[in-house]
Amino acid sequence: MLTAGVLQAGAQPPGDVGIQIVGGELAAKGEFPWLVRLSMGCGGAMYTEQLVLTAAHCVDGTGPDTSIGVTYGVADLQDPAAVKRQSTYVHSAPGYTNVTAGDDWALVKLDRPITGAVLLPIATSTAYDNGTFDIMGWGSVRDGSLQQERYLRKARVPFVSDSVCSGSASYPRLVAAEMLCAGYPEGGIDTCQGDSGGPMVRRDSAGGWVQVGIVSWGDGCARPNKYGIYTQVSYYSAAIKAAADQLGGGGTPTPGKVFENTNDVAIPDAGAAVTSSVTVSGLSGNAPSTLKVGVDIKHTYRGDLVIDLIAPDGTAYRLKNSSSSDGADNVITEYTVNASSEVANGTWKLQVRDVYSADTGRIDAWKLTF
Ligand code: ARG
């Protein structure tokens, strides 16, 4: 994940998530749960449990290919908890020749599914091809460098219209319908070498992630007026789906239903438990065995915290215990809870208790994804 200028740090220990790097910052494990790293030095996203969507320029064309290693489920590429797979087959976009001509997408089939993987739905219309986008990757942090990062980085970039992006200072030969531009006229924040193939995402109207772009190309990285260029996923969504159906390996993702509370709740020091509620309605039957609980808690010593999910009937699911030795900041992560014996509709609570004195914090936001 690139940012321009010289104020770049390379790999940073995971405890330093609070430090802001100009233009980009470290991402937490679980923050982009569908993201994968590919061994040739690209990113990708889980499209089905057995198919990864990436860029055509990251792969060697269509056909059997057992050369690609796939790493899922981590922000630190050396995290021993990484889920690893190997490719068996690649489907590269039929018309692809080079990035500047478009068609920069490909599907990589894995040797076996990553069961329970979080899938990233792709945009199927241009409705989400605007607004502010999240970009992320283990790519270079400096224009002109090929060095890769150990820890995942992220940044936010605004949509740039085709007319601005194809302006004379930028890319006069932009293939407008097939490419999506993002970034700032002054540069400074961008994807870069090694981020390719990774998704550019935003939230859909229900609050779930939707993939609008695939990191494709740019003139250098983060240069003024040289926006990042992304494969416009909505333009290719039917072709991607058709290729995925042919490849087999599981159905396309159905976007999860998200219920969120973004009101701050203070967590008193060594005090009583506090809760934040989310009311779930409109669902039928029980919660899934893979209920996702996304938690964004700011705290200056997270080992102080005991966190539970309380189901509508009062059943508590322990998400995290206290640990006097874990002095890192914040709990920003996604837990998976087997809630299949709970009715989905009703009031769910996140309960947080600070059990040691000295540090405080707040629940910034939390959400349930069914
Ligand atoms: N082609 C690059 C790669 O293979 C990605 C370039 C993205 N460049 C940009 N300025 N956004 O990793």
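Just so it is clear, the values below take in all heavy atoms, side chains as well, and ignore hydrogens, waters and symmetry mates. One-based numbering, in listed order, for ligands and for the atoms of each. These numbers were taken from a predicted model, which means no experiment stands behind them. Along the sequence shown, residues carry numbers from 1.
- When side chains are defined from C-beta on, Asp104 does not count as touching Ile214, because their heavy atoms never get closer than 4.5 Å.
- When only modelled atom types and interatomic distance are considered, Tyr171 and Thr100 share no side-chain donor-acceptor pair under 3.5 Å.
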Test ring-ring contact (aromatic ring centres under 6.0 Å, His included) applied to Trp105 and His57, step by step: CA-CA 8 Å; Trp105 65 269; His57 82 262; over 10 Å; no

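- Aromatic ring pairs are classed by plane angle as parallel below 30°, tilted from 30° to 60° and perpendicular above 60°; the pair Trp34 and Trp209 is perpendicular.
- Residues that satisfy the salt bridge (Lys or Arg N to Asp or Glu O under 4.0 Å) test with Glu31, not counting sequence neighbours, are Lys154.
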One line per pair, note the atom names and distance for all nitrogen or oxygen contacts under 3.5 Å between ligand 1 and the protein.
from, atom 1, to, atom 2, distance (Å)
ligand 1, 1 (N), His57, NE2, 3.3
ligand 1, 1 (N), Ser196, OG, 3.0
ligand 1, 1 (N), Ser216, O, 3.1
ligand 1, 4 (O), His57, NE2, 2.8
ligand 1, 4 (O), Ser196, OG, 2.5
ligand 1, 10 (N), Asp190, OD2, 2.7
ligand 1, 10 (N), Gly220, O, 3.0
ligand 1, 11 (N), Asp190, OD1, 2.9
ligand 1, 11 (N), Asp190, OD2, 3.4
ligand 1, 11 (N), Thr191, O, 3.3
ligand 1, 11 (N), Thr191, OG1, 2.8
ligand 1, 12 (O), Gly194, N, 2.6
ligand 1, 12 (O), Ser196, N, 3.2
ligand 1, 12 (O), Ser196, OG, 2.6

Pair Asp329-Lys298, salt bridge (charged side-chain N to carboxylate O under 4.0 Å, His left out): steps then yes or no: CA-CA 7 Å; Asp329 288 346; Lys298 303 298 193 304; over 6 Å; no

